[in-house]
Q: 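After the structure tokens below, expect a handful of questions from me.
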Amino acid sequence: MDLGPHAGFIIASYAICFGVVAGLILWVRLDKARLDSTLKDLESQGLAKTRRTPEKPDRQ
Amino acid sequence: MGILDFANPTRFMKLTQLVLPWLVGLCAIAFAVGLYMSFFVAPEDYQQGDTVRIMYIHVPAAWLAMMCYSIMAISSLGTLVWKHPLADVSAKCAAPIGAAFTFISLVTGSLWGKPMWGTYWVWDARLTSVLVLFIMYLGLMALWRTMEDPIKAGKAAAILTLVGALNLPIIKFSVDWWNTLHQPASVMRMDGPTIHPDILLPLAVMAVAFTLLFFVIHLMAMRNEILRRRVRTLRLRAASAARPAGGSATLQPAE
């Protein structure tokens, strides 16, 4: 495929676009892995994910 | 159950878990078709030659740069008016994605400008207002990082986002209001697009692919942010439980 005399500009544009998008995807995936690991650690320490419900007042 | 009920963080996590694989698949197909059309189907432009192929990434990135900020502005209204728990999550997660698309738009525009205009950059109204948009994205990301409490940070960022939304019509109409080197609108016009369908169709497919990519990354980032707030809540709960009796608790549920 011949991209003409300005091939360098075209290839550089697509390469930068690909790099930035790949960086975004990598950032999201790594962040997810880190958060999953932290949550697992916290849960293994006995901190449940369930919310605490206030005790109902004794009506008797 | 109304549509807003799906915006509950727990339901959002379940719903996005189902939707995301389909969105990823559609996005991959759209990019495969769009890139094939951009390089093997679309003809050279009679003036720009092959350099027109840069437009297939520059234009969708520029559209998304503005769409992303519009979503942030709508989310900011959700934060300030309805105090919706997912609104500031949406705004916070859209900022880095918007910054990335604005960066792509600026760089690919410069790389197109050098062979076509003879310069990488001019301080005309369109280019400068998009650069301002990029700086605003960076400023909002910095603001989110300066405040530890996500609720307080969300409110401050929402106000700044809404003020910054004034830049959106300036970007859109800059080519009409001022004499700019950047060409006027050629797709979204009252009298219809001025681009030949052979070039317009690949551009439309790439625009769909970029939009799907935005939603995939945005939803994934929002899921991460909800998890981050769960981690924060659990840590605060642990700190509160470890505190000696009589100490003041500062537990603030973030969801």
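Reminder, nothing fancy here: chain letters follow the sequence lines and each chain counts from 1.
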Q: Can you check whether anything in residues 215-222 of chain B gets within less than 4.5 Å of chain A, heavy-atom wise, and list it by number?
A: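 Hits under 4.5 Å: B:Ile217, B:Met220, B:Ala221.
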Q: Is it the backbone or the side chain of A:Val28 that comes under 4.5 Å from a heavy atom of chain B, or both, or neither?
A: both
Q: Going from CD1 on A:Ile10 to CE on B:Met55, what distance comes out if it is rounded to the nearest 0.5 angstrom?
A: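 If we round to the nearest 0.5 Å, A:Ile10:CD1 and B:Met55:CE are 10.5 Å apart.
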Q: Are more than 12 heavy atoms from other residues, nucleotides or ligands located less than 6.0 Å from atom CZ of B:Phe134?
A: yes
Q: CG/A:Leu24 to CZ/B:Phe214 distance, rounded to the nearest 0.5 angstrom?
A: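 One gets 10.5 Å once the value is rounded to the nearest 0.5 Å.
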Q: Would you say the side chain of A:Ser13 lies within less than 4.5 Å of the side chain of B:Val107, judging by non-hydrogen atoms?
A: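 Counting from C-beta outward, B:Val107 and A:Ser13 never come under 4.5 Å.
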Q: Any side-chain heavy atom of A:Cys17 within less than 4.5 Å of one from B:Phe210?
A: yes
Q: Is any side-chain heavy atom of A:His6 closer than 4.5 Å to one of B:Arg53?
A: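 B:Arg53 does not reach A:His6 side chain to side chain.
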Q: Give, for atom CZ of A:Phe9 and atom OG1 of B:Thr51, the distance between the pair rounded to the nearest 0.5 Å.
A: 8.5 Å
Q: Would a 4.5 Å heavy-atom cut-off, applied to side chains only, mark B:Asn224 and A:Arg34 as touching?
A: no
Q: Can you tell me how far apart CZ (B:Arg232) and CG (A:Leu42) are? Round to the nearest 0.5 Å.
A: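 The CZ atom of B:Arg232 sits 13.5 Å away from the CG atom of A:Leu42.
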Q: CG/A:Asp31 to CG/B:Leu227 distance, rounded to the nearest 0.5 angstrom?
A: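 Between A:Asp31 CG and B:Leu227 CG, I get 9.0 Å after rounding to 0.5 Å.
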Q: Would one find more than 12 heavy atoms of other residues, nucleotides or ligands at under 6.0 Å from atom CD of B:Gln183?
A: yes
Q: Kindly write out the residues that satisfy side chain to side chain donor-acceptor pair (under 3.5 Å) with A:Asp36, not counting sequence neighbours, or none if the list is empty.
A: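 Only A:Lys32 meet the side chain to side chain donor-acceptor pair (under 3.5 Å) criterion with A:Asp36.
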Q: Which of residues 31-40 of chain B have a heavy atom under 4.5 Å from any heavy atom of chain A?
A: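 Checking residues 31-40 of chain B against chain A gives B:Leu35, B:Ser38, B:Phe39, B:Phe40.
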Q: Within the 4.5 Å heavy-atom criterion, are A:Leu39 and B:Leu234 side-chain neighbours or not?
A: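 Side chain of A:Leu39 against side chain of B:Leu234, heavy atoms only: contact under 4.5 Å found.
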Q: Side chain, backbone, both or neither: which part of A:Asp41 has a heavy atom under 4.5 Å from chain B?
A: neither
Q: Using distance only, find each side-chain donor-acceptor pair of residues 108-117 of chain B under 3.5 Å and give its atom names and separation, not counting sequence neighbours.
A:
residue  : atom : partner  : partner atom : Å
B:Thr108 : OG1  : B:His58  : ND1          : 3.2
B:Thr108 : OG1  : B:Ile104 : O            : 2.6
B:Thr108 : OG1  : B:Ser105 : O            : 3.4
B:Ser110 : OG   : B:Leu106 : O            : 3.2
B:Ser110 : OG   : B:Tyr120 : O            : 3.1
B:Trp112 : NE1  : B:Gln48  : OE1          : 2.9

